[in-house]
Amino acid sequence: MTTEPPIILHHFPQSPFSEKIRLIFGLKNIAWTSVLITRIMPRPDLMPMTGGYRRTPVMQIGADIYCDTQCIIRELERRFPAPTLFPEACRGLASATAMWTDKAFFQSTVNLIFGSLADKVPQEFIADREKLRGAKFDIAAMTAAIPQMRDQFRAHLQWIDAQLAYGRSWMCGDQVSLCDINAYMNVWYLRTNLPVLDQLLAEFPATKDWEARMRAIGHATSTEISTAAALEIATRASPATIELADPHDPNGRKPGDAVTVMPDDYGKIGVRGKIVALSSQHIAIRRNDPITGEVVVHFPRAGFLVLPA
Ligand SMILES: N[C@@H](CCC(=O)N[C@@H](CS)C(=O)NCC(=O)O)C(=O)O
């Protein structure tokens, strides 16, 4: 008898991108396994699985490793289709909202938070995030820009509020969707860090009520294991991904091709491997790691570069 490997999330409590996934576990009522990783590098038990990809969160199912929330969400929806995150009216747009919520909206949230926390931000954290970004994590500039960031955050909040007009409970109508999860990430991040959110929400009562509904979704039930135990699971397991060619790949890529995959914005560490499966929204590559043995690492396509290795 074979038992299904657990759904493991490598995350840390303060991580807003991880909060998206924790809420999806809540929404779909998925029992999951929690692996708490450090907020800054090094993460010696995780890197052998991802091949160097260092952003948070990462999902692990046996020896299949899913990087980036886009990719994690796609896999969770495939395995647990009900309730869907993609109601008919916003099937494509629901995913596309990440290009708003995770970039411009997130940037204003990050700047507002770190600019306000100012000298409370530990030096090791600043050094780590400078390495991640390959640019200065300029707290003084963020502090100077607080009024502008409040304006930006407010403009994004108003877009959420406009979607909740006419008494709608959720951004795409009467069903919660990925649009809500994506947008809420920023509201959650500000809420957990600064009291200013109450002031900003005062003019948006529908969004304030929506925030409470979002929070009430919860995180379902989880069991905690150590980073070492998760690594052991990957080492013992074999990847379950089936080879899948993409007849429409515009660059003629195919299973077996050696490639390097990396984010196009920050944390641009290339992960090398051979293509196993690919499509317009997904690429899976096989790597042989000296510690874990064979693993398949999965990435989204939007926002990621695929280069010949
Ligand atoms: N596009 C990524 C972004 C993830 C991201 O930026 N996460 C932050 C933490 S919430 C991060 O990676 N910080 C650096 C780190 O944890 O090493 C995703 O959707 O997963």
Side-chain angles (χ1 to χ4, degrees), residues 8-25 34-60 65-77 85 94-114 117 121-122 124-137 142 178-193 219 227 261-271 281-283 297-306:
I8 299 174
L9 189 72
H10 297 258
H11 66 130
F12 52 86
Q14 306 91 333
S15 156
F17 285 89
S18 305
E19 182 62 12
K20 287 193 198 188
I21 307 302
R22 294 183 294 243
L23 277 178
I24 292 171
F25 290 144
S34 167
V35 171
L36 291 174
I37 57 172
T38 51
R39 223 178 149 191
I40 60 175
M41 295 292 271
R43 297 176 185 137
D45 289 336
L46 182 56
M47 292 307 109
M49 292 187 241
T50 65
Y53 175 84
R54 66 146 293 181
R55 303 199 307 196
T56 308
V58 168
M59 182 171 79
Q60 172 195 355
I65 313 297
Y66 299 87
C67 299
D68 192 283
T69 53
Q70 269 191 81
C71 181
I72 297 171
I73 289 166
R74 183 177 179 275
E75 184 61 18
L76 288 176
E77 179 76 12
L85 291 162
S95 295
T97 54
M99 297 291 142
W100 154 49
T101 60
D102 300 11
K103 292 181 185 283
F105 194 176
F106 182 58
Q107 212 40 254
S108 60
T109 314
V110 166
N111 290 359
L112 191 50
I113 291 173
F114 289 97
L117 296 177
V121 184
E124 314 83 73
F125 183 85
I126 296 174
D128 181 81
R129 293 314 192 249
E130 288 190 339
K131 213 164 165 199
L132 172 79
R133 291 176 174 213
K136 196 165 157 59
F137 195 73
M142 293 182 206
L178 184 56
C179 300
D180 300 283
I181 301 274
N182 281 343
Y184 175 72
M185 168 183 87
N186 291 289
V187 175
W188 177 88
Y189 198 27
L190 196 59
R191 167 69 69 204
T192 54
N193 282 284
H219 295 162
T227 58
V261 184
M262 69 172 87
D264 71 357
D265 47 6
Y266 55 94
K268 291 161 89 166
I269 298 162
V271 180
Q281 300 297 341
H282 171 232
I283 183 161
V297 192
H298 302 249
F299 297 96
R301 300 302 297 274
F304 278 72
L305 307 173
V306 178

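Starting from 1, each residue takes its place in the sequence as its number. Counting starts at 1 for both ligands and their atoms, following the listed order.
Closest to atom 12 (O) of ligand 1, if we only count protein heavy atoms, is T56 N, 2.9 Å. Protein heavy atom closest to atom 13 (N) of ligand 1, with residue, atom name and distance, is R129 NH2, 3.6 Å. With hydrogens left out, the protein atom closest to atom 19 (O) of ligand 1 is T69 OG1, 2.5 Å, a heavy atom. Nearest to atom 10 (S) of ligand 1 among the protein's heavy atoms is S15 OG, 3.1 Å. Considering only non-hydrogen protein atoms, atom 3 (C) of ligand 1 sits nearest to Y266 OH, 3.6 Å. Among protein heavy atoms, atom 17 (O) of ligand 1 sits closest to R54 NH2, 2.5 Å. When hydrogens are left out, the protein atom nearest atom 1 (N) of ligand 1 is D68 OD2, 2.7 Å; that is the closest non-hydrogen contact.
Under a 4.0 Å criterion applied to the non-hydrogen atoms of P16, ligand 1 contributes the atoms 10 (S). Contact atoms of ligand 1 toward L132: 14 (C) (distance under 4.0 Å to a heavy atom of the residue).
With hydrogens and angles ignored, the 3.5 Å screen pairs no side-chain donor or acceptor of E19 with any backbone N or O of Y189.
The residue C67 has no part lying near ligand 1, judged by heavy-atom distances below 4.0 Å. Only the side chain of R43 comes within 4.0 Å of ligand 1, judged by heavy-atom distances.
Atom CG of D102 is separated from atom CE of M185 by 4.5 Å, given to the nearest 0.5 angstrom.
Residue M41 places no heavy atom under 4.0 Å from ligand 1. Using a 4.0 Å heavy-atom cutoff, F106 is absent from the residues neighbouring ligand 1.
Annotation: cation-pi geometry satisfied between R55 and Y266 (NZ/CZ under 6.0 angstrom from ring centroid, within 45° of ring axis).
Side-chain contact between H10 and M49: present, with at least one pair of heavy atoms (C-beta onward) separated by less than 4.5 Å.
Using the six-membered ring where Trp is involved, W100 and F105 have ring planes that are parallel, under 30° apart on the 30 and 60° scheme. Between H298 and H282, the two ring planes are parallel [angle under 30°; tilted spans 30° to 60°].
Closest approach of P13 and L36 over heavy atoms only: CD-CD2, 3.9 Å.
A ring-centre distance under 6.0 Å is not found for F25 and H219.
Between R39 and ligand 1, no N or O atom pair is found at a separation short of 3.5 Å. Every N/O-N/O distance between D128 and ligand 1 stays at or above 3.5 Å.
With sequence neighbours excluded, the residues satisfying side-chain contact (heavy atoms from CB on, under 4.5 Å) with P122 are E124, F125. Scanning for side-chain contact (heavy atoms from CB on, under 4.5 Å) contacts around S95 gives F86, L178, with sequence neighbours left out.
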